[in-house]
Amino acid sequence: MSAIRHALTTKRADDFSAWYQEVISAADMAEESGVRGCMVIKPWGYGIWERIQRLMDDRIKAAGVQNCYFPIFIPLKNFEREASHVDGFAKEMAVVTHHRLIADGKGGLIPDPEAKLEEPLVVRPTSETIIGDAMARWIQSWRDLPLLTNQWANVVRWEMRTRMFLRTSEFLWQEGHTAHATREDALEETHRALEMYRACAEDDLALPVIAGEKPENERFPGAVETWSIEAMMQDGKALQAGTSHYLGTNFAHAAGIQYQDKEGGQQFCHTTSWGVSTRLIGGVIMTHGDDDGLRVPPRIAPHQVVIIPMLRETPEDEALLDYCEDLRKLVAAQAALGEPVRVLLDKKPGKAAAKRWDWVRKGAPLIVEVGPRDMAEGNVAVLRRDRLWNQDNGKPAFSFVSREDFSAQAPALLEAIQQALYDEARERRDANVTRGVTSMDQVAAHFADNHARPGWVEVQWSKPTSAALEAATEQLKALKLTIRNVPRDAEPADGTCIFTGAPATERILVARAY
RNA sequence: CGGGGAGUAGCGCAGCCCGGUAGCGCAUCUGCUUUGGGAGCAGAGGGUCGCAGGUUCGAAUCCUGUCUCCCCGACCA
């Protein structure tokens with residue numbers, strides 16, 4: 001057993017936060033922009049987002065939802081109409097007040113005082129209010145319902161503390177907005193979206209998640225119910241990976257979204273909204289990354305197979321490139337996970353070994369190296385990113401197979417990697433959810449211990465509200481804990497409330513969170 | 001937004017206390033050697049020291065302001 005020389009300098013176990021940042025730069029996913037809280041998403045990071053977008057968009061459209069685009073600028077007045085929405089977002093708004101710059105006489109530029117906007121515009125932090133305006137125009141009759149819209153957009157929230165992908169001032173997301181005739185219809189849509197997110201997270205991103213309802217204090221501003229999917233990161237902290245809200249008639253009242261029912265009466269619509277963002281990429285990193293960089297699940301990998309010819313800048317290179325190009329065509333003609341295999345022949349000049357480690361850090365699922373001798377023997381050298389090392393000799397675990405066998409096996413390998421990443425994350429998650437905790441003392445002991453990874457704790461409660469809930473969350477806050485959600489699929493409660501001692505009605509998950 | 005730390009070559013860092021015109025490792029480029037798994041040797045290129053003022057004959061170094069990043073807290077669909 002030799003010491004393994006990992007591709008990153010920081011190990012997860014030593015400094016998870018520094019490791020996370022190193023993955024992002026080493027995998028060339030994103031970089032700082034110089035503007036507070038804003039990042040440049042580079043091709044490999046954006047390529048992963050494009051894959052997520054594509055797969056999610058297919059699911060959205062399959063549900064009969066249509067894409068639209070609404071303005072990035074929202075009249076300030078819109079936000080004054082829904083009281084809790086104001087409270088939720090007022091503190092983090094970017095506001096546009098001028099429409100022209102003039103020279104300041106010192107070589108610089110300043111907003112022209114003469115060009116002040118009569119009514120300031122806010123850069124959207126979310127689009128409920130402006131889409132509400134549109135819904136009020138578009139909906140007249142019960143025949144116009146349900147109205148199912150979605151948009152892919154950027155949003156801005158002036159965050160105090162930012163982290164790449166997890167919390168940035170500007171981020172990319174998808175926001176679905178729907179209007180329905182009844183509460184039941186709107187709740188059904190809320191749950192449909194939640195289930196869509198669960199399926200996308202688990203099947204596409206290989207992120208095991210727990211779907212459930214957020215407690216009252218964690219609701220979206222203006223929502224009647226907020227539901228989430230929660231994923232466990234490798235340090236045991238929870239990441240809210242997607243949310244779906246039942247908004248009741250709150251926004252319908254604020255924007256006047258009404259329809260005439262079959263009896264001729266005017267009714268307010270019940271609306272929903274739901275979203276996932278580039279934060280998912282942070283979740284993928286912290287779930288699947290290892291001490292050699294990222295490991296991208298094949299379904300969302302921009303390149304699933306990367307072929308690296310061992311070029312030597314000699315005339316023989318040409319034959320080797322031909323051999324690799326034939327391999328590329330063979331593999332690209334295959335289908336895996338329901339789509340043509342995405343394969344890249346990396347012809348860039350440079351040492352094969354250096355390029356190999358670049359792709360390891362980026363996390364391409366299958367890396368294939370081909371040298372002159374491989375070519376002579378009709379072989380290729382295959383490296384599975386999810387099983388990188390030969391533990392016996394501390395070297396990369398290449399397997400040598402014929403070119404034809406590899407191309408035939410590539411789809412099955414990709415499917416196996418997709419499944420292996422999910423299984424690994426699922427086992428880790430399941431091993432780190434603690435049940436049977438029945439007192440706050442036990443909770444405190446669990447999280448106070450020198451647990452490297454305390455994970456999540458499931459407890460029972462009586463769903464206290466308002467002041468009683470506040471008292472409960474204060475106790476948790478002292479331990480830096482939050483209620484993640486009330487798992488949809490949990491067993492029925494059978495004990496007493498950990499906060500009040502009353503008979504419990506639900507099970508909740510308690511954890512530290514991003 | 002409060003407390004702490006940091007910004008010097010693509011990356012990681014030294015130099016700063018005690019002012020004298022910038023250095024190391026990796027990476028890059030060139031040459032030679034090597035050639036089945038993260039090559040060796042030699043040489044070279046690359047930095048207005050985050051930005052703006054100030055002190056000084058002279059500022060990476062001292063002073064003031066400001067921007068950005070990291071950690072802790074507050075806040076956070």
Side-chain angles (χ1 to χ4, degrees), chain A residues 4-10 15-18 20-22 24-26 28 31-39 82 84-85 87-92 106-108 124-128 155 157-164 166-169 171 173 175-177 214 217-223 225-228 240-247 272-277 279 292 308 310-314 316 349-361 367 369-377 379-381 383 388-390 393-398 400 477-478 480 482 513-514:
Chain A
I4 288 173
R5 184 181 154 201
H6 286 291
L8 299 183
T9 57
T10 310
D15 186 341
F16 195 75
S17 180
Y20 175 76
Q21 287 163 122
E22 189 179 346
I24 290 169
S25 67
D28 212 20
E31 65 184 17
E32 295 300 337
S33 64
V35 179
R36 182 184 170 103
C38 298
M39 60 180 178
E82 214 291 331
S84 51
H85 208 56
D87 292 344
F89 286 108
K91 288 167 292 193
E92 49 184 39
K106 291 178 281 188
R124 63 177 162 226
T126 180
S127 304
E128 271 75 8
V155 287
R157 299 174 187 182
W158 213 259
E159 298 289 349
M160 288 298 116
R161 192 173 171 187
T162 61
R163 315 186 73 166
M164 286 246 193
L166 297 175
R167 176 169 285 107
T168 46
S169 295
F171 57 93
W173 78 347
E175 47 179 326
H177 295 269
K214 285 289 196 184
N217 62 306
E218 301 269 353
R219 271 183 209 142
F220 173 72
E225 291 180 15
T226 287
W227 293 72
S228 73
Q240 178 175 300
T243 51
S244 183
H245 315 290
Y246 167 57
L247 304 172
T272 80
S273 67
W274 27 274
V276 296
S277 70
R279 170 179 254 206
D292 297 293
I308 303 173
M310 300 176 73
L311 301 173
R312 293 196 177 136
E313 297 180 17
T314 60
E316 290 84 67
K351 296 223 175 81
K355 291 201 288 182
R356 169 168 88 228
W357 291 108
D358 286 344
W359 286 112
V360 164
R361 283 184 281 264
I367 298 167
E369 288 184 40
V370 186
R373 192 179 304 166
D374 297 313
M375 177 171 65
E377 295 168 359
N379 284 343
V380 298
L383 201 52
L388 191 58
W389 299 102
N390 180 335
N393 62 13
K395 291 182 173 172
F398 282 105
F400 295 85
K477 198 166 149 189
K480 296 190 229 175
T482 55
Y514 280 99

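Naming: A, B, ... by sequence-line order, numbering from 1 per chain. Remember, predicted model here, so these are calculated numbers, not experimental data.
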Using the benzene-type ring in the case of Trp, are the ring centres of A/Trp389 and A/His6 under 6.0 Å apart?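 Under 6.0 Å, so yes.
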Under the side chain to side chain contact (heavy atoms under 4.5 Å, CB included) test, residues paired with [X] that sit two or more places apart:
| X | value |
| --- | --- |
| A/Glu377 | A/Arg373, A/Asn379 |
| A/Ser277 | A/Phe171, A/Trp173, A/Arg279 |
| A/Ser17 | A/Asp15, A/Gln21, A/Arg163 |

Does any donor atom in the side chain of A/Glu175 or A/Ser127 lie under 3.5 Å from an acceptor atom in the other side chain?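 Checked: A/Glu175/A/Ser127 side chains pair up, N/O donor to acceptor below 3.5 Å.
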Judged by each residue's nearest nucleotide on RNA chain B, which is more toward the 5′ side, A/Asn217 or A/Cys38?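 Result: A/Cys38.
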Could you pick out which residue, A/Asp374 or A/Glu218, lies toward the 5' side of RNA chain B when each is mapped onto its nearest nucleotide?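 Result: A/Asp374.
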Regarding A/Phe400, tell me which of base, sugar-phosphate or nothing describes its non-hydrogen contacts under 4.0 Å with the strands shown.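 Answer is base: heavy atoms of A/Phe400 come under 4.0 Å of a base.
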Taking any heavy-atom pair under 4.0 Å as a contact, classify A/Thr243: base, sugar-phosphate, or nothing. sugar-phosphate
Pairing check on B/A44: which nucleotide meets the Watson-Crick or G-U wobble criteria with it, both distances under 3.5 Å? B/U28
Does any nucleotide pair with B/G2 by Watson-Crick or G-U wobble geometry, both distances under 3.5 Å, and what is it? B/C72
Got a sec, which residues hit salt bridge (charged side-chain N to carboxylate O under 4.0 Å, His left out) with [X], two or more places apart in sequence or on another chain?
| X | result |
| --- | --- |
| A/Glu159 | A/Arg167 |
| A/Asp292 | none |
| A/Glu31 | A/Lys42 |
| A/Arg124 | none |

Please tabulate, one pair per line, each protein N/O and nucleotide N/O from nucleotides 2-4 of chain B that are separated by under 3.5 Å, including the distance.
none

Between protein and nucleic acid, restricted to nucleotides 24-33 of chain B and to nitrogen or oxygen atoms under 3.5 Å apart, what atom pairs and distances do you find?
none

Length of the line joining A/Arg36:CZ and B/U66:C1', which is rounded to integer Å: 14 Å
I need the CZ-P distance between A/Arg361 and B/G12, as an integer number of Å.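 It is 14 Å, rounded to the nearest whole Å.
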ring-ring contact (aromatic ring centres under 6.0 Å, His included) partners for A/Trp274, two or more places apart: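 Partners of A/Trp274 by the ring-ring contact (aromatic ring centres under 6.0 Å, His included) criterion come out as none, since no residue qualifies.
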Which residues pass the ring-ring contact (aromatic ring centres under 6.0 Å, His included) test with A/His85, not counting sequence neighbours? A/Phe79, A/Phe89, A/Phe220, A/Phe251
Quick one: which protein N/O atoms are closer than 3.5 Å to N/O atoms of nucleotides 70-76 of chain B? Pair and distance per line, please.
| from | atom 1 | to | atom 2 | distance (Å) |
| --- | --- | --- | --- | --- |
| B/C71 | OP1 | A/Ser17 | OG | 2.3 |
| B/C71 | OP1 | A/Arg163 | NH2 | 3.2 |
| B/C72 | OP2 | A/Arg161 | NH2 | 2.3 |
| B/G73 | OP1 | A/Lys480 | NZ | 3.1 |
| B/C75 | OP1 | A/Lys477 | NZ | 3.2 |
| B/C75 | OP2 | A/Lys477 | NZ | 3.1 |
| B/C76 | O2 | A/Arg167 | NE | 2.9 |
| B/C76 | O2 | A/Arg167 | NH1 | 3.4 |
| B/C76 | O2 | A/Arg167 | NH2 | 2.4 |

